[in-house]
Amino acid sequence: MAKPDEFKPDPPSENPKTEADDTDDENGDGGYEEEVEDTEEDELDEEEEDEPEPEPRVRTPQSAVRMQRAKLEGLFQRLQTQSVPLRVHDVLIKGNTKTKDYLIESEAALLKNCTTMQEILEVSRAVNFRLQALEVFDSVKITLDSGPPELPGTSNVIVEVQEAKSPLSGEIGAYTKAEARSSTVEGTLKFKNIFGHGDLWDGSFAYGWDHISELSAGVHFPRFRGSSFPLDVRAFLLSQDWLQFSSFKERSMGLSVALLSSRNHDLVYNLGWRTLTDPSQLASRSVRRQLGHSLLSSLKYTFKVDRRNSTLRPVRGYAFAATSQIAGLAPDSRCSRFLRQEVDLRYAIPLGILNSALNFGISGGIVFPWGAGFKNMPSPLPDRFFLGGNSSPISSLGGPTTVWGYRTRGLGPTESRRQLKSNDGDTEDAADPGVDFLGGDLAVTAFADLSLDFPLKWFRDRGIHGHIFASAGNLERLTQNAYKDFSLQKFVSSFRTSVGAGIVVPIQPFRLEVNYYYMMKKFEHDRGKPRFGVTFSM
Amino acid sequence: MEESRDGGWTLVTRKPYFGLPTACPVCLPVYIYLKFGRCPFNLELNSSYPDSDQIPYIEGGTYVAYNNEKGGVIQQLKQDGVVDLDSEFSSLPEWVSMKAMMSSWLADAITYELWLGSGENSAKQIYYSDLPWVIGKVLFVKQVYDVKQRFHISKQNAEKKEEEIHDCAKAAYRALSAKLGEQDFLFESRPTSLDADLVGHVLFILQALPEDSVLRTAVLEHENLIRYAERHRNDILNSDPSSASASNFQPPPSAAQTSSSSKPKRKPKREKTEEEKRFQRKAKYFIGAQLAAVLLFLSLLGSSSKVDIDEDDED
């Protein structure tokens with residue numbers, strides 16, 4: 001993918017009339033160049049009050065170069081100190097043989113509203129970046145040319161694109177998607193711009209930290225049917241293995257449509273066929289009741305604001321995220337129906353010594369079924385909240401998921417698994433089958449983290465720093481009339497807590513932590529004990 | 001085998017239909033076997049997993065007997081000492097051959113009739129009526145394919161296979177009818193698992209299969225089998241609804257699980273309380289407000305002509 005080019009003024013040429021001919025690229029950088037016609041400079045010069053005396057008509061080449069340089073310097077000085085009025089008369093598009101004009105025109109539409117040269121330069125930079133971000137062009141060049149002679153003070157903007165020679169590309173990366181529950185490492189094969197609408201077709205395989213594997217294929221339209229928002233449609237086959245923790249495997253297949261995707265807002269519709277199975281045949285009673293097929297038709301809206309200076313090591317700022325999901329949006333009343341809400345808040349306060357900062361965070365979530373007889377229904381097992389795992393709560397804004405030190409799905413309500421008979425036929429002597437972690441309908445987590453640099457420069461240069469932290473979290477069942485027994489005091493008093501310290505190594509885009517954890521408060525069956533551990537997060 | 005820790009057994013089967021406590025031909029014999037053995041149990045239903053071979057299963061505490069283990073639920077109940085009705089007969093050659101005949105010829109006949117014969121609509125009602133239409137349709141097609149694979153049925157041999165299966169079933173009915181005579185049970189005057197299998201089989205054919213079913217026509221030729229099945233149906237299945245205690249557990253729509261006592265009853269429609277009605281109204285308002293907010297946001301944002309200029313570097 002071609003890199004966005006920086007703004008570079010051309011050196012003054014011997015030919016005073018610079019054409020919008022960008023083929024002779026002296027720098028070889030596929031450049032982002034801007035050239036100003038002498039005629040335009042003359043018009044600008046005429047506006048100045050103190051005009052230099054006209055040059056002698058007969059000039060030597062050296063004096064012409066000096067004059068050109070002086071004019072350019074004067075122009076750049078004016079650009080820095082005052083607005084230079086200039087309007088865009090027309091945006092001309094060149095180089096696109098397959099890509100539809102409307103796509104480029106819509107990305108460059110803002111140029112027509114510019115009224116000064118500074119604005120044109122700034123917007124041109126943004127347009128260049130947006131066109132590069134479509135991933136269908138090898139290079140993008142934006143040039144300013146003089147407008148029609150009969151319209152002084154105008155210019156034409158020429159957008160010259162070079163379409164990607166090879167429509168096929170592959171990449172490996174780490175992503176956090178709005179519709180996913182966790183971050184994933186993904187390998188992708190892409191076909192670009194097959195129909196000329198900037199469409200990106202891809203097939204990908206992803207593996208997530210939460211025992212998730214996903215095979216998917218999708219298409220991305222940057223502007224669907226003239227709208228200003230992109231459209232993403234994906235067909236997915238997703239598999240999650242929770243046998244070790246909750247005695248079930250989940251397999252989902254379906255369609256995911258990103259209806260709205262912008263910096264702060266995401267709206268995704270999911271239609272999926274979900275199947276829960278227990279190949280081990282050891283599941284506890286509550287899990288056995290949930291095995292089988294269900295149809296999930298849901299709308300998920302995420303609002304996110306992240307004003308922290310960094311997600312890997314936030315030192316100042318705040319972040320807020322809220323996710324609402326409503327499932328059961330189908331005429332068929334036999335599909336899964338529930339409401340789910342998550343809230344995250346993070347805040348970082350700089351302390352001013354050794355680049356230290358205090359990070360606070362709190363996350364909460366609730367899920368509840370709806371429909372006839374909802375009070376007696378359990379919430380769907382895969383949509384409940386589970387706490388524990390090897391990710392850091394500082395970076396992620398994905399609802400209540402982690403309490404430092406507790407293993408994956410390591411705390412909360414449990415139920416005994418099926419007990420098998422021993423070889424001599426006596427059940428009581430059989431090995432303990434363990435418990436299934438059932439998750440909760442209400443979850444709350446909180447943490448406080450103090451990060452600070454090490455005194456050694458070697459660590460500081462690499463961003464390696466230390467941190468001391470404390471975290472707490474709890475889960476509770478509310479469904480099947482359990483909400484009648486819910487008590488806030490009991491919920492707060494049964495919070496699990498942990499403290500610890502460790503080293504943080506930022507390896508873009510990951511945050512690697514090597515920590516020592518100590519459980520201050522835990523309950524029977526909780527899977528957490530004083531230990532060293534490593535967390536990865538993005 | 002000791003009783004379950006909480007003192008009660010729970011039998012999980014597929015949903016009731018056609019006047020039967022469970023309309024699944026695999027689950028019904030297990031139900032009848034427990035009734036013959038006078039073993040008290042609660043009945044719970046599972047309608048979300050039609051393609052599972054674990055169902056029916058019986059559970060008590062941490063003990064579970066799945067149907068796909070150790071010869072089936074009835075065999076495990078015998079081995080674990082929960083209910084053993086066959087202790088005196090299971091070594092008799094006649095008993096063994098009848099058991100083999102029922103578990104092969106008659107079981108195959110029911111499977112063929114349900115999925116490839118005239119019982120297609122009955123199968124859809126029993127197994128897929130509580131699942132969303134798309135899922136039910138796909139699972140049904142998959143099940144039909146699996147049955148064809150199991151019987152090695154192709155276009156060329158379909159008719160021949162059908163005739164073979166029906167002939168075996170008719171032969172089995174003749175043998176069982178001759179063995180039964182006018183007795184109450186197949187062996188002496190005590191029920192065995194064979195009786196549970198036969199009663200379940202005949203009741204299913206009479207009540208769940210359509211009138212043009214070949215198996216139904218074949219069974220109707222043996223009046224003693226009809227009388228035998230109806231006599232036990234009246235003894236086992238008829239119960240006073242008021243004597244059953246309903247559990248509080250009610251399944252979600254997709255699982256359609258209900259819990260009841262071992263005596264099936266029709267629950268009266270429950271009146272919604274004021275609190276429930278108020279909560280439902282609030283839930284509807286909440287959903288409507290959410291949808292309206294999303295639509296309003298989309299329309300406002302769509303009418304805006306400005307595009308945000310992204311000041312940050314690419315993330």
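The chains referred to below are lettered A, B, ... by the order of the sequence lines, with proteins before strands, and numbering in each begins at 1. All heavy atoms count here, side chains included; hydrogens, waters and symmetry mates do not.
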Is the number of heavy atoms from other residues, nucleotides or ligands within 6.0 Å of NZ (B:K148) greater than 12? no
Distance, nearest 0.5 Å, that separates SG of A:C335 from CG of B:L131: 11.5 Å
Below 4.5 Å, heavy atoms only, C-beta onward: do A:R418 and B:Y57 meet side chain to side chain? no
What part of A:T277 gets closer than 4.5 Å to chain B, counting heavy atoms only: side chain, backbone, both or neither? both
Determine yes or no for a side-chain-to-main-chain donor-acceptor pair under 3.5 angstrom, with B:T62 supplying the side chain and A:R417 the backbone. no
Contacting moiety of B:V12, where chain A heavy atoms sit under 4.5 Å: side chain
What part of A:L276 is in contact with chain B, defined as an atom under 4.5 angstrom from a non-hydrogen atom: side chain, backbone, both or neither? backbone
Is any side-chain heavy atom of A:R288 less than 4.5 Å from a side-chain heavy atom of B:E59? yes
Regarding B:N68 and A:Q281, is there a side-chain donor-to-acceptor distance under 3.5 Å anywhere? yes
Nearest heavy-atom approach of A:R289 to B:T10 is NH2-CG2, 3.9 Å
B:E44 bridged to A:R285 by N-O distance under 4.0 Å: yes
Rounded to the nearest 0.5 Å, how far does OH of B:Y49 lie from CG of A:D278? 8.0 Å
For A:R334 and B:W133 the tightest heavy-atom approach is NH2-N, 3.7 Å
Take a 6.0 Å sphere around OH of B:Y145 and say whether it holds more than 12 heavy atoms from other residues, nucleotides or ligands. no
Mind checking whether A:H293 and B:D51 have side chains closer than 4.5 Å, heavy atoms only? yes
